[in-house]
Number of protein chains: 2
Amino acid sequence: MANSFTEENYLKIIHNLSGPEGAEVSTNALAEGTATRAASVTDMLKKLAEKGLINYKKYQGVTLTEMGEKLALKIIRKHRLWEVFLVEKLGFGWDEVHDIAEELEHIPSDRLVDRLSAFLGNPQFDPHGDPIPDAKGNMPTADYLKLSEVEIGDKVLMMGVLDHETPFLQHLDRSGIMLGCRMEVREINDYDRSALVLIDDVKTLFISQEVSKNLLVQRL
Amino acid sequence: MANSFTEENYLKIIHNLSGPEGAEVSTNALAEGTATRAASVTDMLKKLAEKGLINYKKYQGVTLTEMGEKLALKIIRKHRLWEVFLVEKLGFGWDEVHDIAEELEHIPSDRLVDRLSAFLGNPQFDPHGDPIPDAKGNMPTADYLKLSEVEIGDKVLMMGVLDHETPFLQHLDRSGIMLGCRMEVREINDYDRSALVLIDDVKTLFISQEVSKNLLVQRL
DNA sequence: AAATATTTTTAGACTAATCTAAATCTTTTT
DNA sequence: AAAAAGATTTAGATTAGTCTAAAAATATTT
Ligand SMILES: [Mn+2]
Ligand SMILES: [Mn+2]
Ligand SMILES: [Mn+2]
Ligand SMILES: [Mn+2]
């Protein structure tokens, strides 16, 4: 039997909450992530365990099985490829594509995904800088640091965002911060960790820690 | 409240069965079209009537309201645009795209549809020759006739198909019949109405009435 | 115009995904 | 190591979409 949208969303959210080490995810965390109640989560976990997609023991939290992990990566691959399509081909802003991709990610057909990927030039990263797993589930690695972690004088490239919500992305747009731009940290205020940053060698900008904590960068 | 996939499918099927004059559609016809039982159809018709999408009086069959018609055309527009995308941009064959489009047609977002349409050059017809409604619901008119209706000596252009199923389309592929090809009817057998047709001035082909009844053409 | 056949609707039930409230297990605090 | 707090599961309902079987309406045939 195929998997419902709901089941796919659970897998994706378990994957995301589970982090790179595949840690256990709690029922409550999932209730929060799926915007449902803990009781509903328990029901769904039983079903996913039944299907062999998660490891579940009562009261012990869940992890994805190998099969569940594969499926989660497939959904994430679709999500991110569609985001690339929407931005690169249809001209959407990076702040507009997440919600549409939430729907498109559930369209089945492996051939569709692979052809879409080829059409887009097999991109490695989505419009938010997130890595796109290949057809086999391999994620391009990229170990970035947060802008809030770099020091005065460091020169970095802006490589991704941690907050994917529209208001944050629009704030970056208004500030002229975009993927690939060059940043040089000029000052860091001890008091609130806000920073003065030179963008693309032309413009200086004040960036609050609130913002710099959500910017992924790479040292030059 | 938004409309579910199921509701959207009912609207589309009512539209299709209703024909160009918007004739009443029977419960049984819908049961057949939706691959469900008549009792289930009755339930759904009550709901759609409740929402003001259809005109429904017990035992009398249904028609779409203006609102229902608008919605149906929107779904058909999406379906056909995605089919164009799949064929023109992703390189799928015309026999492979219908089922995928059945899913994509339910993705919401008017902006997505309009941008997709623009990206494709606002096409007027889909890969099967079916007209694509514009954003306002206007269908390009095209009054074609069936190949089975033309006479000996007539020269026509192949403009569309009535059967959208994979086996039929693959049969056409194998026969070298494609949208836009030129056809000249050389002979028609009285007995079974099969025809001998010259394709693109180079190749003659036997076409059974089974096939010619499903080919839409335009007189030259 | 009856009788018969066909179509459609109603009645009652099932599954998936959700909920609230109550019960139970686990963790933390005293 | 009890008690209290917190997290999780169970119990029992609800809604959407479906089903079968039976009843009611309509259409067709005699
Ligand atoms: Mn996203
Ligand atoms: Mn993204
Ligand atoms: Mn189609
Ligand atoms: Mn089509």
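For clarity, every value in this text was computed on a predicted model and none was experimentally measured. Labels below follow one simple rule: chain letters A, B, ... track the order of the sequence lines, proteins then strands, and each chain is numbered from 1.
Phosphate proximity of C/dT24 to A/Lys58: absent, as no side-chain N or O sits under 4.0 Å from OP1 or OP2. The phosphate of D/dC19 (OP1 or OP2) has a side-chain N or O of B/Ser40 nearer than 4.0 angstrom. When the side-chain nitrogen and oxygen atoms of A/Lys46 are compared with OP1 and OP2 of D/dT9, none of them lie within a distance under 4.0 Å.
Dense packing is recorded around CD of A/Gln170, with more than 12 heavy atoms of other residues, nucleotides or ligands lying under 6.0 Å away.
Evaluation of the ring-ring contact (aromatic ring centres under 6.0 Å, His included) rule for A/Tyr10 yields no partner, not counting sequence neighbours. In terms of the side-chain hydrogen bond (donor to acceptor under 3.5 Å, both in side chains) criterion, residue partners of B/Asp192 (sequence neighbours excluded) are, by chain and number, B/Ser194. Every side-chain hydrogen bond (donor to acceptor under 3.5 Å, both in side chains) that B/Thr34 has, sequence neighbours left out, goes to B/Thr36. Looking at residues two or more places apart in sequence or on another chain, you find a side-chain hydrogen bond (donor to acceptor under 3.5 Å, both in side chains) between B/Asn122 and B/Ser117. For the salt bridge (charged side-chain N to carboxylate O under 4.0 Å, His left out) test, no residue two or more places apart in sequence or in another chain qualifies with A/Arg37. For B/Arg219, the side-chain hydrogen bond (donor to acceptor under 3.5 Å, both in side chains) partners are B/Asp154, not counting sequence neighbours. Evaluation of the ring-ring contact (aromatic ring centres under 6.0 Å, His included) rule for B/His15 yields no partner, not counting sequence neighbours.
A straight line from CD of A/Gln60 to C1' of C/dT27 spans 12 Å, rounded to a whole angstrom. Atom CD of A/Glu7 is separated from atom P of C/dA16 by 9 Å (rounded to the nearest Å). Rounded to whole Å, the distance from CE on A/Met44 to P on C/dC19 is 11 Å. Spacing between atom CG of B/Leu48 and atom P of D/dA16 amounts to 13 Å, rounded to whole angstrom units. Put simply, CG on B/Asp43 is 10 Å from P on D/dC19, counting in whole angstrom units. C/dC25 atom C1' lies 16 Å from atom NZ of A/Lys57, rounded to whole Å. For the pair B/Asn3 CG and D/dA16 C1', the interatomic distance rounds to 14 Å; values are reported in whole Å. Here the C1' atom of nucleotide C/dA16 and the OH atom of A/Tyr10 are 12 Å apart, to the nearest Å.
For the contact set between residues 29-38 of chain B and DNA chain D, defined by any heavy atom under 4.0 Å, the members are B/Thr36, B/Arg37. Within residues 11-19 of chain B, no residue approaches DNA chain C, by heavy-atom distance under 4.0 Å.
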Report all interatomic pairs (protein N or O, nucleotide N or O of nucleotides 2-7 of chain D) with separations under 3.5 Å.
none

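Residue-level contact check: A/Tyr56 touches the backbone only, with heavy atoms under 4.0 Å from sugar-phosphate atoms and none from bases.
Electrostatic pairing of B/Asp110 and B/Arg77 does not count as a salt bridge here, judged by no charged N lying under 4.0 Å from a carboxylate O.
Sorted by first and then second residue, the salt bridge (Lys or Arg N to Asp or Glu O under 4.0 Å) pairs involving residues 10-23 of chain B (not counting sequence neighbours) are B/Lys12-B/Glu102, B/Lys12-B/Glu105.
When each of C/dT18, C/dT8, D/dT9 is scored by its nearest atom to the side-chain atoms of A/Thr6, the top-ranked nucleotide is C/dT18. Distance from the side chain of A/Ala39 is smallest for D/dA11 among the nucleotides D/dA11, D/dT18, C/dT10.
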Determine all donor-acceptor pairs shorter than 3.5 Å in which one atom belongs to a side chain in residues 123-135 of chain B; sequence neighbours excluded.
unit_1   : atom_1 : unit_2   : atom_2 : d
B/Asp126 : OD1    : B/His128 : N      : 2.6
B/Asp126 : OD1    : B/Gly129 : N      : 3.1
B/Asp126 : OD1    : B/Asp130 : N      : 3.1
B/His128 : ND1    : B/Glu83  : OE1    : 3.0
B/His128 : NE2    : B/Trp94  : O      : 2.8
B/Asp130 : OD2    : B/His164 : NE2    : 3.0
B/Asp134 : OD1    : B/Lys136 : N      : 2.8
B/Asp134 : OD1    : B/Gly137 : N      : 3.0
B/Asp134 : OD1    : B/Asn138 : N      : 3.0

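With A/Phe119 as the aromatic partner, A/Lys89 meets the cation-pi criteria of under 6.0 angstrom to the ring centre and within 45 degrees of the ring axis.
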